[in-house]
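Each ligand, and each atom within it, is numbered from 1 in the order the structure gives.
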Amino acid sequence: MQAFEALESSVRLYSRLFPTLFSQARGSILLTQNGRKVIDFLSGAGALNYGHNNHQLKAAIAEYLASDAVVHGLDMATPAKLEFMETFSSAILRERGLKYRFQFVGPTGANAVEAALKLARKVTGRQNIISFTRGYHGLSLGAVAATGSRFHRTASGVSLSGVTFMPYDGYFGPAIDTADYMRKVLLDKSSGTDSPAAILVETVQGEGGVNVACREWLQSIQSIAKEAGALFIVDDIQMGCGRTGEFFSFEFAGLSPDIVVLSKSLSGYGLPLSMLLIKEAADAWQPGEHTSTFRGNNLALVSATAAINIYWRCRTFSQDVHRMGNFLRHRLEAISFKLGNRFDVRGRGMAWGFDCQTAEIAETAARKAFDKGLIVERCGPADQVLKLLPALTIDSETLSQGLEIFENSLAETLNEVSAA
Ligand SMILES: *Cc1c(COP(=O)(O)O)cnc(C)c1O
């Protein structure tokens with residue numbers, strides 16, 4: 001790892017947390033160069049919902065490459081792009097009674113958030129964006145302005161403006177409905193809060209600590225957006241593509257956002273691909289008004305199409321994710337109970353947070369887990385939450401093995417903390 005210290009910028013992060021050379025990967029297992037097997041509960045921060053090097057997706061990619069079809073074509077029309085849009089429209093959107101236009105943006109999630117905010121401002125002629133405490137939307141200037149973390153905001157080096165933060169669901173505990181506050185402030189012409197162009201929300205805050213918004217709250221937020229004349233934008237970058245059990249994380253609440261932002265697991269293979277789903281009425285762009293060199297990369301579109309065909313043509317995959325998610329929740333609750341019930345277990349589908357209350361416990365447990373062969377990330381305002389994002393395709397044996405390591409690491413950590 002010394003070579004990385006010498007060669008790579010000090011900004012590197014995951015190579016510090018998991019200091020080893022990873023040389024191969026398949027499904028939910030990473031192989032280190034010296035042959036150690038590591039179970040992956042991080043899944044590329046949610047970019048690998050179908051596991052590493054998923055062989056069915058790889059076959060589609062390999063075939064496309066072998067055929068000399070167009071890989072990079074800016075946003076020129078290609079059969080691969082048409083097939084993706086038609087497949088997504090029929091298998092995902094029409095099935096759910098949704099209708100959207102596609103906007104392909106630069107390859108990162110932040111690119112997509114930038115585009116969504118820009119479009120909302122253009123459509124409404126307003127500047128202010130409503131975002132939420134502990135929200136995470138990426139680190140480019142427009143996106144980080146809507147991100148809660150002071151650490152990341154400070155790093156931007158300029159004053160960030162154009163966003164008003166509102167308390168997320170549960171911010172003041174279960175007794176207070178923060179949507180009431182928000183409705184009052186946004187509909188009061190003298191509240192001091194400028195009329196919003198958009199309300200931007202995650203249905204489960206991934207980086208912010210796996211904070212779960214309830215159905216009623218999300219429905220209120222959507223209707224407040226409408227009443228306030230703002231676009232309703234769901235950032236489904238981390239919680240979309242099946243992570244919470246359904247393809248979109250907002251399906252359970254019956255929402256119909258004006259704009260949906262997708263990235264991370266959209267390509268299915270870990271290839272960079274981001275896009276906006278836009279209601280036709282909000283599609284106010286002039287041709288070329290927002291562009292990028294790498295938008296809608298055809299190779300990523302091919303694997304995205306294959307992922308939909310393989311996993312989302314029928315309901316069984318979603319049912320499997322729910323079943324496995326329930327198993328995961330029960331196991332985590334049992335672990336918490338066994339270890340003195342001092343933890344908070346939160347999540348939906350296959351996205352779970354294990355709140356250790358202190359960063360020390362979470363950090364030590366994550367380090368021990370890695371030593372024992374499990375990758376698990378931390379999140380939350382104090383990095384005090386262990387975040388579990390196993391691949392949706394993980395087999396139950398690997399999942400159980402990972403959870404065993406997780407439990408042992410926590411138990412050891414607690415023993416050490418109480419001995420100290
Ligand atoms: C990861 C993430 C982003 C940013 O995506 P990048 O590809 O890292 O720019 C934005 N919003 C949410 C909810 C995310 O999880």
Discussion item. For Phe88 together with Phe247, are the ring centres under 6.0 Å from each other?
Written reply: yes
Discussion item. Between Lys387 and Gln238, do the side chains contain a donor N or O and an acceptor N or O under 3.5 Å apart?
Written reply: yes
Response to the item:
Atoms of ligand 1 under 4.0 Å from any heavy atom of His137, numbered from 1 in the order shown, are 10 (C), 11 (N)
Worksheet item: Is the shortest distance from a heavy atom of Gln205 to ligand 1 less than 4.0 Å?
Response: no
Worksheet item: Which of the numbered atoms in ligand 1 are below 4.0 angstrom from a heavy atom of Asp235?
Response: 10 (C), 11 (N), 12 (C), 13 (C)
Worksheet item: Considering distance alone, does some N or O of Val113 sit under 3.5 Å from an N or O of ligand 1?
Response: no
Discussion item. Does this structure show an ion pair linking Asp194 with Arg126, if we count only N-O contacts that are shorter than 4.0 Å?
Written reply: no
Item to complete: Show which atoms of ligand 1 fall inside a sub-4.0 Å distance from at least one heavy-atom site of Thr108.
Response: 7 (O), 9 (O)
Response to the item:
Between Ala197 and Ala120, the two heavy atoms sitting closest are CB-O, 3.7 Å
Item to complete: Report yes or no: does a heavy atom of Glu202 sit under 4.0 Å from some atom of ligand 1?
Response: yes
Item to complete: Using protein heavy atoms only, decide if any is under 4.0 Å from atom 7 (O) of ligand 1.
Response: yes
Worksheet item: Counting heavy atoms only, which part of Ile237 comes closer than 4.0 Å to ligand 1: side chain, backbone, both or neither?
Response: side chain
Fill in: Distance-only N or O hit between ligand 1 and Lys264, under 3.5 Å
yes
Discussion item. Between Glu333 and Arg329, does any side-chain N to carboxylate O distance fall below 4.0 Å?
Written reply: yes
Worksheet item: Less than 4.0 Å between a side-chain N and a carboxylate O, is that true for Glu207 and Arg134?
Response: no
Worksheet item: Applying a 4.0 Å heavy-atom criterion (strictly less than), which segment of Met239 is in contact with ligand 1: side chain, backbone, both, or neither?
Response: neither
Worksheet entry | Ring centre gap for Phe132 and Phe165 strictly below 6.0 Å | no
Practice prompt. Quick one: look up the protein heavy atom nearest atom 5 (O) of ligand 1 and list residue, atom name and how far away it is.
Written response: Gly109 CA, 3.3 Å
Practice prompt. Compare every heavy atom of Val70 with every heavy atom of Tyr64, then report the nearest pair and how far apart it is.
Written response: OH-O, 2.6 Å
Discussion item. Tell me if the centroids of the rings in Phe172 and Tyr181 come within less than 6.0 Å of each other.
Written reply: no
Discussion item. With nothing but distance in play, are any N or O atoms of Tyr136 less than 3.5 Å from an N or O of ligand 1?
Written reply: yes
Discussion item. Which of the numbered atoms in ligand 1 are under 4.0 angstrom from any heavy atom belonging to Ala110?
Written reply: 4 (C), 5 (O), 6 (P), 9 (O)
